[in-house]
Amino acid sequence: MRNEDLLHLVEEIAKTRKLDSLIIVGSLSVLGIVTDREVPDTMLISNEVDAYPENDPRAAFDIAEAFGQGSIFEQENGYYFDAISPDVPTLPEGWQQRLIVRQLDNGVRLKFIDPNDAAISKYARGEPKDLQWIDEGLRASILAMATIRYRFRETTFLDDDERERVRAQINADAKRLGYPAA
């Protein structure tokens, strides 16, 4: 998905409902920095925008009915809105203060989580596509291993097993990519 696709989706949603600001999490959070640097295509392969309205997170599920997976919008455009609860992603303390804000001409503010915060959430999920996204981000210097390590220490995980699994994966990635040991 490209920036223009995201903007098109948000514009169409805003035509049908009042939308002040949208929090964007997941892979496409990297679109928040797209104006600053080139993003590898492999970090943009997702066709779903994981998001929720900042002021009314429950409305995300209503939006998904009209613009979500299987909707006419998805059939016509090949991408869709994926409703997410703000409680779902595992994110480090202070993630809200690091949101990357873009004001659109239609008045909607897009608030993207910082890609390094997204990396922590992706490590917690541990899916192969998430680990590939992290790998590409590190190789492209969009993500920073030192920042990820710091944010790891600032994160409350589901349990000790998840924390240790994430720690092991971060250490393995750091070693594989030639970063110094922590």
Side-chain angles (χ1 to χ4, degrees), residues 1-35 39-92 95-96 99-137 140 142-143 155 157-158 162 165-166 169:
M1 179 178 287
R2 296 286 175 202
N3 193 42
E4 51 272 8
D5 299 328
L6 173 64
L7 297 178
H8 176 243
L9 174 60
V10 173
E11 287 169 4
E12 292 301 311
I13 293 169
K15 287 179 186 177
T16 65
R17 63 185 58 246
K18 183 169 174 28
L19 187 62
D20 297 326
S21 62
L22 200 60
I23 306 284
I24 299 172
V25 301
S27 298
L28 297 178
S29 64
V30 74
L31 289 173
I33 62 165
V34 89
T35 57
V39 177
D41 288 340
T42 51
M43 291 184 81
L44 299 171
I45 60 173
S46 180
N47 66 342
E48 60 197 54
V49 177
D50 299 326
Y52 61 90
E54 181 177 29
N55 299 323
D56 186 8
R58 291 176 301 191
F61 300 95
D62 294 333
I63 294 170
E65 286 183 25
F67 297 94
Q69 190 171 22
S71 67
I72 292 171
F73 182 88
E74 182 202 12
Q75 292 169 17
E76 292 175 352
N77 296 281
Y79 51 89
Y80 62 94
F81 180 90
D82 190 20
I84 188 164
S85 166
D87 301 323
V88 169
T90 300
L91 294 168
W95 67 269
Q96 297 96 331
L99 289 168
I100 301 162
V101 181
R102 288 179 41 203
Q103 183 75 39
L104 302 183
D105 292 340
N106 65 1
V108 176
R109 280 170 303 184
L110 299 181
K111 295 184 175 185
F112 301 85
I113 65 169
D114 177 272
N116 289 292
D117 290 337
I120 295 297
S121 182
K122 289 183 166 301
Y123 273 123
R125 278 189 44 185
E127 297 290 326
K129 68 179 184 174
D130 294 318
L131 299 178
Q132 179 185 2
W133 184 90
I134 294 166
D135 187 65
E136 292 295 328
I142 289 171
L143 303 176
T155 303
F157 290 91
L158 180 63
E162 182 180 66
R165 181 178 50 76
V166 171
Q169 186 65 55

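Note that the structure is a prediction, hence the values are computed from the model and not measured.
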On a heavy-atom basis, the closest approach of Leu158 and Glu162 is N-OE1, 2.7 Å
Exercise for review: With side-chain contact (heavy atoms from CB on, under 4.5 Å) as the test, would you mind laying out the steps for Asp41 and Arg2 before giving the verdict?
Suggested key: CA-CA 9 Å; Asp41 288 340; Arg2 296 286 175 202; 2.3 Å; yes
The reported gap from CG in Asp105 to CD in Glu11 (rounded to nearest 0.5 angstrom) is 8.0 Å
Exercise. Is there side-chain contact between Asp130 and Tyr123, with at least one heavy-atom pair below 4.5 Å?
Worked result: no
Distance col, row Asp114:CG vs Gln96:CD, nearest 0.5 angstrom, shows 12.5 Å
So CD1 of Ile24 and NZ of Lys111: to nearest 0.5 Å the spacing works out to 11.5 Å
* Is a side-chain donor or acceptor of Trp133 paired with a backbone partner of Ser27 at a separation under 3.5 angstrom? -> yes
Here the gap from Asn55 atom CG to Leu22 atom CG, rounded to the nearest 0.5 Å, amounts to 10.5 Å
| field | Donor-acceptor contact present, side-chain Gln132 to main-chain Pro128, <3.5 Å | value | no
In terms of heavy-atom contacts, Ala60 and Phe81 come closest through O-CE2, 3.3 Å
Check: Arg102 side chain, Phe112 main-chain N or O, donor-acceptor pair, under 3.5 Å: no
Can you confirm whether Leu110 sits close enough to Leu7 that some side-chain heavy atom of one is under 4.5 Å from a side-chain heavy atom of the other?
yes
Given the options Leu44, Val49, Ile45, Met1 meets side-chain contact (heavy atoms from CB on, under 4.5 Å) only with Val49
Rounded to the nearest 0.5 angstrom, the CG-OH distance for Asp5 and Tyr79 is 4.5 Å
Interatomic distance, CD1@Ile120 vs CZ@Arg125, rounded to 0.5 Å, equals 14.5 Å
Crowding at CZ, Arg17 (>12 non-hydrogen neighbours, <6.0 Å):
yes
Any non-hydrogen side-chain atom of Pro53 less than 4.5 Å from a side-chain atom of Ile63?
yes
Within the structure provided, determine whether Glu54 and Asp20 are in side-chain contact (heavy-atom separation under 4.5 Å). no
- Are the side chains of Thr155 and Leu91 in touch, meaning some heavy atoms are under 4.5 Å apart? no
Leu6 versus Leu28: any side-chain heavy-atom pair under 4.5 Å?
no
Here the pair of heavy atoms bringing Gln103 nearest to Gly107 is NE2-O, 2.9 Å
Side-chain heavy atoms of Asp117 within contact of Pro89, under 4.5 Å: no
| query | Where the side chain of Glu127 meets the backbone of Leu131, is there a donor-acceptor pair that is under 3.5 Å apart? | reply | no
Does Ser85 reach the main-chain N or O of Asp87 with its side chain, forming a donor-acceptor pair under 3.5 Å? yes
Contact check, side chains of Ile142 and Pro40, non-hydrogen atoms, under 4.5 Å: yes
Shortest non-hydrogen pair, Phe67 vs Ser71, comes out as C-OG, 3.4 Å
On a heavy-atom basis, the closest approach of Tyr80 and Gln69 is CD1-N, 3.2 Å
Tightest non-hydrogen contact, residues Leu143 and Asn116, listed as CA-OD1, 3.4 Å
